Structure formats: structure tokens, C-alpha cells
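Along the sequence shown, the residues carry numbers beginning at 1. Quick note: numbers below take in every heavy atom, side chains included, and nothing from hydrogens, waters or symmetry partners. Start at 1 and go down the list; that is how both ligands and their atoms are numbered. Note that this is a predicted model, so its numbers are computed, not measured.
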Amino acid sequence: MGQPAAETSSFMTDFLLKSGGVAIIDGGLATELERYGADLNDPLWSAKCLLTSPHLIRAVHLDYLEAGADIIITASYQATIQGFEAKGFSSDESESLLRKSVEIAFAASIGSYGAYLADGSEYSGNYGHAITLENLKDFHRRRVQILAESGADLIAFETIPNKVEAQAYVELLEEEDIKIPAWLSFNSKDGVNVVSGDSLFDCASIAESCKNVVAVGINCTPPRFIHGLILSIKKVTTKPILIYPNSGESYDGKRKEWVQNTGISDKDFVSYVNKWCEIGAALVGGCCRTTPNTIRAIYRTLSSRSPALSS
Ligand SMILES: [Zn+2]
């Protein structure tokens with residue numbers, strides 16, 4: 001028994017109305033935890049803080065709320081049962097760590113299989129021929145079930161690099177009869193396709209076909225590509241479009257570091273925001289290397305656009 005279709009489909013529309021037309025998503029979580037001094041050089045990345053420093057996760061979530069975010073995404077991006085078990089946790093312990101991410105925040109993050117591999121393959125989407133649709137569904141199944149029943153408001157499937165993983169997610173939502181809404185968010189490195197080279201048109205169509213999906217969009221992608229990507233997504237979806245780009249800095253996957261000074265300032269980032277909303281973005285925030293200052297700046301620019309936001 002799923003949630004009645006009408007209820008799921010009005011979830012995002014009602015939320016957007018309450019948010020004054022455009023909702024604000026938080027900024028980078030993992031990269032902000034690093035600014036707080038956390039060492040995330042670990043296959044669990046931000047999820048390592050669920051073990052070592054949940055107070056830091058709480059502090060970053062609070063900073064984003066204070067900066068004006070309406071949606072806070074959990075530290076479960078790279079939290080997988082498989083990843084926790086590889087560290088020696090039992091399956092019960094791993095499941096409670098996943099639930100803990102939602103006790104701290106409310107849009108439950110699911111990073112891709114490539115994020116679990118922790119080798120940068122969420123930015124290539126190249127999983128090799130050995131990984132099939134069924135493998136991906138099995139990989140994600142238990143995590144999706146747990147997060148869906150954890151009390152989260154929404155599942156945020158983030159940084160999806162290819163079509164097969166998008167397909168795996170929508171099939172899982174249906175097969176597992178997931179009762180909370182979800183969004184699907186892809187990443188691109190050329191402003192045309194998703195990072196694997198699969199067509200954004202095909203990927204967004206998969207999201208469009210699923211009634212549980214309440215928004216579709218792009219994250220962790222340089223701001224300069226966003227305009228064109230919104231226009232492409234608009235051609236295939238009637239669902240609200242979400243956008244939370246990274247700072248535009250490039251990431252050196254081999255050295256596992258962001259290359260300094262390759263991005264844009266918060267001021268430049270924000271100068272794009274009104275334009276993105278004019279052409280159809282309904283949820284806007286930031287991803288890696290954006291900070292509470294970025295979100296505060298987005299909040300200010302949107303409040304001057306829509307008085308309802310500042311009340
Ligand atoms: Zn990111």
C-alpha cells in the first residue's frame with residue numbers, strides 16, 4: 001500500500017507554496033565539515049562523522065538553517081551498510097548509524113554506488129560492464145528501505161552519474177513500495193550530458209516516469225553549466241526542478257583534493273540564482289565547497305524577489 005498518489009504529488013507543490021515559491025536547499029555538507037576541522041579522508045567520507053563527531057554534523061546543519069535553508073540533507077551520502085560493515089560494524093549497528101543520520105537532519109541522502117567505491121567514479125559514472133541494473137538495485141535496496149522508514153521527509157538521490165543508476169532508483173521506489181517522496185539529482189561535467197555521457201534527456205525522463213519522484217535536477221556541477229541544464233530538463237519534466245551546484249572549483253580525483261581558486265565567489269554564484277529561478281528552478285542550494293555564506297546570500301537574493309520568504 002503506497003501513499004495515495006495525490007498526496008505524494010502535492011508534497012513538493014505544497015512545500016514550495018509554503019516556501020514562497022522557491023525553496024532553499026542547504027550547501028556543501030562534507031566540505032563544510034572539513035572546514036570545521038574534520039578529517040574525511042576515509043571511504044565513508046562525511047559519514048565518518050556519524051561515528052566520530054555527530055556534534056559537528058549538527059553544528060553544520062544548524063549553520064545552514066540559520067543561513068536560511070528550508071531543506072537540510074543528511075550525512076548519509078556515503079553511509080552504506082556495506083561501507084560500515086567493511087569497518088567492522090555488525091549489520092544492526094550499520095543500520096542504526098544510517099537511522100542516526102536522519103535523527104540529525106531530514107532529507108535522507110543517498111549517494112551513488114560510485115560514491116561508495118570512494119574512487120571518484122560518481123564523477124565518471126563508469127562502473128564497468130560487470131555492474132548491472134540488478135546489482136545496483138541490490139546494492140541500494142536495504143539502505144533505501146531503512147532511510148524511507150527512518151522518519152525522513154524525503155529521499156535525496158544525489159550526484160547520479162548515469163542512466164542505469166537512475167533506473168535502479170525508480171525501480172526500487174516502486175518495488176519496495178517506498179512511502180516517502182524522493183528527488184533525483186544528476187551531475188554533469190559538460191553542461192549537456194550527465195557525467196557518464198548518458199543523455200540528460202533520458203535520465204530526466206526516467207525521473208519523470210516515477211510518481212514518487214517529486215523533483216528532478218542537478219547537483220555538484222559547476223554553476224556555469226546550470227542554465228543550459230535547466231533548459232534541457234524543462235523539456236522533459238513537469239516536476240519542480242532542483243539545482244544545487246558546487247562552487248565551480250575543480251576536483252583532483254587522484255590527489256583527492258579540490259583545486260584552490262578554480263571556482264567562483266559567493267557573489268558570482270548568487271548572481272546566477274535569479275536567472276535560474278526565472279527559467280524554472282524551484283529549489284536552489286549549494287553542493288561541495290559552498291558554505292553557509294553561500295546559502296545566506298541565496299536567501300537574501302530570493303527574499304528580495306519574494307517577500308513571502310522573508311516573513
Ligand atoms: Zn557535491
Exercise. Quick one: are S188 and V194 in side-chain contact, heavy atoms under 4.5 Å?
Worked result: no
Exercise. Do the side chains of L283 and V22 get nearer than 4.5 Å, heavy atoms only?
Worked result: no
Exercise. Do D70 side-chain atoms and S19 backbone N/O form a donor-acceptor pair below 3.5 Å?
Worked result: no
Exercise. Apart from F139 itself, which Ile, Leu, Val, Met, Phe, Trp or Tyr residues share its cluster (side-chain heavy atoms under 4.5 Å, direct or through members)?
Worked result: Y113, Y116, L117, Y127, I131, L133, L136, V164
Exercise. Linking Ile, Leu, Val, Met, Phe, Trp and Tyr through side-chain heavy atoms less than 4.5 Å apart, which residues share a cluster with F201?
Worked result: V236
Exercise. By salt bridge (charged side-chain N to carboxylate O under 4.0 Å, His left out), which residues pair with D138, not counting sequence neighbours?
Worked result: R141
Exercise. Which residues and atoms, protein N, O or S only, are under 2.8 Å from the Zn ion (ligand 1)?
Worked result: C220 SG, C287 SG, C288 SG
